[in-house]
Amino acid sequence: MMIAALSALPGILLVAAGTPRQAAALSSHRLHQARRRALRLDGFALLLLSLGVATTGADRARHLVAWIGTIGLEAVAVALLFTAGSRSRRT
Amino acid sequence: MKPDFRPSMTWLHDWSGLVVGWLLFAIALAGTLSVFREEIGDWARPEASCCTVDSADAGAAAVAWLSAHAASSPSWFIQPADARSGTSYAVWSDARTGYIQKWLDARSGSPDGIRDTLGGDFFYRLHFELQLPYPWGRILSASAALAMLLALLTGIVAHRRIFVDFFTFRPRKGQRSWLDAHNLLAVTALPFHLMIAFTGALTLATLIMPWGAMSAYRGDPTALTRALYPAAIDRPATGRRAALAPIRPMLAEAERRFAGGLYQINIVNPGDAAAVVTLVRAEDARIGVEAETLSFDGPSGRLIAAHDEHRPGVAIYDVLYGLHTARYADTPVRWLYFVSGVALAAMIGTGLLLWTAKRRRQRPDAAHRLVERLNLGFVAGTPIAFAAFVLANRLLPPGLAHRVDWEVRAVFWTWAALLVFAAIRRPARAWTELLIGGALACLAIPLVDAATGSAIWTMPRSAVDLVALVFAGVGAGAAAFVIRRAPLPIATGTGRRTTT
Amino acid sequence: MSGRAITARYRLDVAARLVAALAGGYGVAALVAIAAAWALPMARIDAAISGTIAALVAMPVAAMGCFWARSAARAWIGIALFATLVAAIAIAAGWRP
């Protein structure tokens, strides 16, 4: 479960980096749409992998619930991370 | 009304959210606290003997006590103490008062010596019964759950750039920031919000939407109950007295057969020749309430019915019910429920604040001022009212008569006072004052705990004190935020402190 | 909805849609539960539960429809049509009101 939670975080980071507004926060020059889409796909692939790891073995349903809750928390954390990042770039 | 889907759904989202928002905020907060109702219950009953308990021992002790003190009651329901709850919970029907509920010591099975309090169950019952008589409280909260579902669905539709905006939070931009916060809290925990709203309505479905089942069973409730719970033998009392067989062999049999622990012991007509003892499995192995039950003949202890739920429809209902009550949850998942519940309450709160913010530029008439005051009273006041319950648990003398009623009264009097305060005070000032008040109330919890000498500084009991401190910190931070920088999205004035 | 004057006619429109959504929506949902309980090809208890679940989803969906409709009259017509359709399914499956 820990592995799943940890591998979900970079997945969410990649998906966020592939979102236009957050991508702009990362780099000064605009990321190409194709590159952003690639980032998003890689991110979702990692998330899928993380989901697979989480739901192996016994107690599948319980782990699925825990995984859904965890990625929600991680998404908030990533959002706040990007917020802080974009503010420091602007000042 | 334009036929455009998005604007009409936005309108519906705004209005359905407002109408039910204050009630839903209280329900969400109470429900979030009841995720840890047994832990709060343990904290609230420091006199009960603590720590490692065996469910079978606790169950046997409870049955013994009830045999001595509730022998004439036709039905007992016992939830034995387990890893999460240091006390056993017993409720039995009573000819005079309808029903009596008590928390029993795990070792002695007796409620004596333990202070009379609802503990965490206050928040649990409040969130679906709303302290109103049956069935009105439940009907109201079920309606609120459906209204929440409507608000969620219309919110999803109304959110134009849901994927592009997914990770967006732009602070220090006034109303924009509040909307970003509302959206972020909504979309990141959206699976939870949808699940909890839908399953919440479903748990009350037998009350608000019984027509399908009643029609299929030709209006015969007994047939329906027998179909739903095949192992719950309900046979009428014979009138002949017969002692209940020892409970321990039955509990041992359950331990042998159940894939999980024991959740509940139901005894119908104890002391009668037709007594039935039904044991319900706990949810540690699988998600799903009432999934496995065993019924024993009371006087002889012979197994007369067993049922392991595998019928698809009923199993799905059990799982959905189980997802809402989260009894299956181990500690990490339980904390996830708690954090998601706080996010839900915060989403509702920010939504209510946005309602007035969106209409700030218009002339604030009496209706808008009313909404503003209710926002203040409910969003800032409800946490204080809930803290009052926790404080009353420690401050009221343990031996006080009608202690349970006094604790509940403390909550509602506090709530009423805060709503009056919100009605007469200027919002800009009142927000700061109530947020500080909330922080102080939460800070008082561990202080009062230590001062009354009831504190038990071991985990998990002291978790209540720690969480109270965290909430105090959040409240203080929010108050500082309001004082220093935020133009609060309120209808009257700019919200900025131009004069003191 | 911004820019619309709050006239008596507007209030009537909203009120009519509200009643359609609440009363009409509840009625349609109840009929959905009954129809599913009778018509679904599964054991009675499973069908009854599935119907109840569907009914709870139907309520907010019906409300959304009532407020999306181009007029309050259309909202009511929609409710009536759906109620008739679902009732017909139920009666065809053996229900007698």
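Since the model is a prediction, treat every value here as computed from it, not as a measurement. Just so you know, these numbers use all the heavy atoms, side chains as well, and skip hydrogens, waters and symmetry mates. The chains referred to below are lettered A, B, ... by the order of the sequence lines, with proteins before strands, and numbering in each begins at 1.
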Handout entry: Under 4.5 Å from a heavy atom of chain B, the part of C:Ala30 involved
Key = both
Handout entry: Nearest non-hydrogen partners of C:Ala21 and C:Phe67, listed with the distance
Key = CB-CE1, 4.0 Å
Problem - Selection from B:Ile208, B:Thr10, B:Asp14 maximising heavy-atom pairs under 4.5 Å formed with chain C - result: B:Ile208
Practice task
Answer yes or no: is there an ion pair linking B:Arg176 with B:Asp180, defined by an N-O contact shorter than 4.0 Å?
Solution key: yes
Completion exercise
Pair count under 4.5 Å, heavy atoms only, with chain B: among C:Arg96, C:Met59, C:Met42, C:Arg44, highest is C:Arg44
Exercise for the section: Could you look at B:Leu12 and say if it's the side chain, the backbone, both or neither that has a heavy atom under 4.5 Å from chain C? Expected result: side chain
Handout entry: OG on B:Ser141 to CH2 on B:Trp136, rounded to 0.5 Å
Key = 13.0 Å
Exercise for the section: Against chain B, label C:Ala63 side chain, backbone, both or neither, depending on which of its atoms sit under 4.5 Å from a heavy atom there. Expected result: both
Practice task
Measure B:Leu152 against the heavy atoms of chain C and call it side chain, backbone, both or neither at under 4.5 Å.
Solution key: neither
Problem - Portion of B:Arg6 that has a non-hydrogen atom of chain C nearer than 4.5 angstrom - result: neither
Problem - C:Leu56 side chain reached by B:Leu202 side chain, heavy atoms, under 4.5 Å - result: yes
Problem - 4.5 Å side-chain heavy-atom contact, B:Trp178 and B:Leu353 - result: yes
Completion exercise
Most contact-rich option vs chain C, by heavy-atom pairs under 4.5 angstrom, among B:Phe198, B:Trp211, B:Tyr217, is B:Tyr217
Problem - Within the 6.0 Å centroid threshold, strictly below: B:Trp355 and B:His13 - result: no
Fill in the blank from the handout: Rounding to 0.5 Å, atoms CG (B:Leu146) and CE (B:Met148) come to a distance of 11.0 Å
Handout entry: Residue B:Met9 versus chain C: region with a heavy atom under 4.5 Å
Key = side chain
Problem - B:Ile162 and B:Val187: CA distance, side-chain angles, deciding distance, side chain to side chain contact (heavy atoms under 4.5 Å, CB included) verdict - result: CA-CA 8 Å; B:Ile162 201 167; B:Val187 298; 3.9 Å; yes
Problem - Portion of C:Leu40 that has a non-hydrogen atom of chain B nearer than 4.5 angstrom - result: neither
Fill in the blank from the handout: The interface call for C:Ala29 against chain B, heavy-atom contacts under 4.5 Å, is both
Exercise for the section: For each of C:Ile49, C:Ile34, C:Ile45, tally heavy-atom pairs with chain B at distances under 4.5 Å, and name the one with the top tally. Expected result: C:Ile45
